[in-house]
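Order of the sequence lines sets the chain letters (A, B, ...), proteins ahead of strands, with each chain counted from 1.
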Number of protein chains: 2
Amino acid sequence: MSDRNISKQTIRRIPIYLQHLKDLKIKNMTIISAPSVAAELKLNEVQVRKDFAAMSTTHGKPKTGFIINELIINMESFAGYNNTNEAILVGAGSLGKALLSYKGFEIYGLDIVAAFDIDSRLTGTEISGKVIFPLTEINEISNKYNIKIGIITVPANEAQKVCDVLVCSGIMAIWNFAPVHLTVPADILVQNENMAASLAMLSKHLREHIEGK
Amino acid sequence: MSDRNISKQTIRRIPIYLQHLKDLKIKNMTIISAPSVAAELKLNEVQVRKDFAAMSTTHGKPKTGFIINELIINMESFAGYNNTNEAILVGAGSLGKALLSYKGFEIYGLDIVAAFDIDSRLTGTEISGKVIFPLTEINEISNKYNIKIGIITVPANEAQKVCDVLVCSGIMAIWNFAPVHLTVPADILVQNENMAASLAMLSKHLREHIEGK
DNA sequence: TAGATTGTTAATCGATTAACAATC
DNA sequence: TAGATTGTTAATCGATTAACAATC
């Protein structure tokens, strides 16, 4: 099942589907049709149908729809929410601190176990119960706990350097919050969380709106 | 210039270009070619050429390239970093608090001036000097300061309700951190910051990596 | 002139949406 | 049977990449 070809965009829609399907389950519903989900989430009908077909182990039934429980289980498995993923975070500046103290990642199976920073005034201190270590200990700690996810929250000009260290210490996936392109070996995933890009979209819209009047 | 058709993806690349161009400027360079930027940022050569051509007011010169200063000014204007955008934030939970105390948005021209929460234990308190008001005052405050950007950091099942309130009070662009689709009038922009989607991509990659062995 | 770089048209790619037959 | 819904093929769309002539 895991090697079915599911598009990136479908994977990205999983959290939104799950949100909705779990709501339905709480209301004691057991079956749901793709068109009704599409209407509720304001998505295209065919898109939802295709997404469901791609991720459901059994076929949907014409005229009735898909089994909610099964969709939930399959989607959670595709998104990997059922296995806990431990991560380390590099860069305990204001964004790093924010992520360390954010509780919301738990429901997605992410657990940040340690943080690292170059600033010796920060190392040794704790944020939300997570100790900040010096950068030099990345290798030791990530190996000890067999960490596979690295979160980068350092300034843009440090990001590649940190990225290289993470890759060397066996990290397989990087969540990058710095607004730079990171170069990594082919089997490592870089997932960019580009807030600067979102801000650019927001202010472009505002500029056009104001000029348009 | 502002109504040239620039693709969404080009806008999203602006922060990365700016980062690099400003670095070059600090090194006292005045001219740069698209291929050299492409090589440095690991982007496709044609993509950079097209992006530059779309955003530069004057043409690039064959054999030499583009004027760095001009690119910077034009890109900043497209991304709207030169005008300060004031925003309000709704939902002072852990993610909301994190964003309130994050200093990094300033360089992109974003200024969060107030926060709102439904929880009466939070209202009246301050986070990083920003007062938290009750939800009922959104309309009054956003009108008073003519706020155009709303940031939503409430739980998914509250997000649409909050969104409606923001739209009613004259907000033109919404930065949505809740993993739901928001329905808004056609002239309002919703920019989704879907961290759950990123986490889904990360764990899918890890699962495949582990299964692949 | 030779060669690097720009600007632009055409080909390709991934994803979305439309159309429609198959099914319960 | 009639009609809603699934599954799937074809058309469309936006963005990326390849190819190549124009320019300095």
Side-chain angles (χ1 to χ4, degrees), chain A residues 1 4-14 16-17 21 24 29-68 70-71 74-75 78 181 189 191-192 194 197 200-201 204-205, chain B residues 1 4-14 16-17 21 24 29-68 70-71 74 78 181 189 191-192 194 197 200-201 204:
Chain A
M1 155 181 115
R4 257 187 285 166
N5 53 332
I6 296 203
S7 82
K8 286 185 185 180
Q9 295 306 314
T10 299
I11 298 288
R12 293 184 62 88
R13 280 188 290 271
I14 289 180
I16 291 176
Y17 289 135
L21 292 173
L24 297 176
M29 296 175 63
T30 54
I31 295 207
I32 193 74
S33 76
S36 77
V37 170
E40 192 66 34
L41 299 178
K42 302 289 186 312
L43 297 174
N44 180 285
E45 205 176 291
V46 185
Q47 188 171 66
V48 176
R49 226 186 302 155
K50 277 198 164 177
D51 284 350
F52 282 12
M55 291 189 283
S56 177
T57 34
T58 60
H59 281 208
K61 255 201 195 137
K63 187 109 195 247
T64 48
F66 296 80
I67 298 162
I68 292 176
E70 210 191 275
L71 283 176
N74 284 314
M75 287 186 185
F78 268 108
H181 175 99
L189 176 77
Q191 183 63 40
N192 292 301
N194 199 342
M201 299 286 288
K204 176 179 174 269
H205 174 80
Chain B
M1 155 181 115
R4 257 187 285 167
N5 53 333
I6 296 202
S7 82
K8 287 185 184 180
Q9 296 308 312
T10 300
I11 298 288
R12 293 183 63 89
R13 280 189 289 272
I14 289 179
I16 291 175
Y17 288 137
L21 292 172
L24 296 176
M29 295 174 65
T30 56
I31 295 206
I32 193 74
S33 76
S36 77
V37 170
E40 193 65 32
L41 299 178
K42 302 289 187 311
L43 297 173
N44 180 285
E45 204 176 292
V46 186
Q47 188 171 67
V48 176
R49 227 186 301 155
K50 278 197 162 177
D51 285 350
F52 282 13
M55 293 190 280
S56 178
T57 34
T58 61
H59 282 207
K61 254 200 196 140
K63 187 109 195 245
T64 48
F66 296 80
I67 299 160
I68 292 176
E70 211 190 275
L71 283 176
N74 285 313
F78 269 107
H181 175 98
L189 176 77
Q191 182 64 40
N192 293 300
N194 199 343
M201 299 285 289
K204 178 181 173 265

**Student:** Applying the Watson-Crick and G-U wobble criteria at under 3.5 Å, what pairs with C:dA10? Answer none if nothing qualifies.
**Tutor:** D:dT17

**Student:** Check whether any side-chain heavy atom of B:V37 sits under 4.5 Å from a side-chain heavy atom of B:F52, and report yes or no.
**Tutor:** yes

**Student:** Measure the distance from CG on A:L71 to C1' on D:dT6 and round it to the nearest whole Å.
**Tutor:** 13 Å

**Student:** Evaluate the side-chain proximity of B:L43 to B:Y17: yes if any heavy-atom separation is below 4.5 Å, no if none is.
**Tutor:** yes

**Student:** Contact between B:I16 and A:N194 at the side-chain level, heavy atoms closer than 4.5 Å - yes or no?
**Tutor:** yes

**Student:** Only pairs with both distances under 3.5 Å count, Watson-Crick or wobble alike; so what is the partner of D:dT23 in this structure?
**Tutor:** C:dA4

**Student:** Between A:Q47 (CD) and C:dA19 (C1'), how many Å, whole number?
**Tutor:** 17 Å

**Student:** Given atom CD1 of A:I32 and atom P of D:dT5, what is their separation to the nearest angstrom?
**Tutor:** 10 Å

**Student:** Of A:L43 and A:K61, whose closest DNA chain C nucleotide lies nearer the 5' terminus?
**Tutor:** A:L43

**Student:** Looking at every strand, decide which applies to A:K63 at a 4.0 Å heavy-atom threshold: base, sugar-phosphate, or nothing.
**Tutor:** base

**Student:** Measure the distance from CD on B:E45 to C1' on D:dA19 and round it to the nearest whole Å.
**Tutor:** 12 Å

**Student:** Only one of A:L71, A:I6, A:I11 passes side-chain contact (heavy atoms from CB on, under 4.5 Å) with A:M55; say which it is.
**Tutor:** A:I6

**Student:** Using whole Å, report how far NE2 of B:H59 lies from P of D:dC24.
**Tutor:** 11 Å

**Student:** Could you report the tightest heavy-atom contact between B:E70 and B:T57, atom names first, then the distance?
**Tutor:** OE2-OG1, 3.1 Å

**Student:** Can you find a donor-acceptor pair, distance only, under 3.5 Å between A:K50 side chain and D:dT6 base?
**Tutor:** no

**Student:** Between A:N44 and C:dA18, does any side-chain N or O lie under 4.0 Å from OP1 or OP2?
**Tutor:** yes

**Student:** I want to verify a distance call: between C:dT16, D:dA15, D:dC24, whose nearest atom is closest to the B:S7 side chain?
**Tutor:** D:dA15

**Student:** For the side chain of B:S33, starting at C-beta, report the closest nucleotide among C:dT6, C:dT23, D:dC24.
**Tutor:** C:dT6

**Student:** Check this one for me: any side-chain N or O of A:R12 less than 4.0 Å away from OP1 or OP2 of C:dG14?
**Tutor:** no

**Student:** What's the closest nucleotide to the side chain of A:Q9 if the choices are D:dA18, C:dA15, D:dC24?
**Tutor:** C:dA15

**Student:** Between D:dT6, C:dT8, D:dT16, spot the one nearest the side chain of B:V46, thanks.
**Tutor:** C:dT8

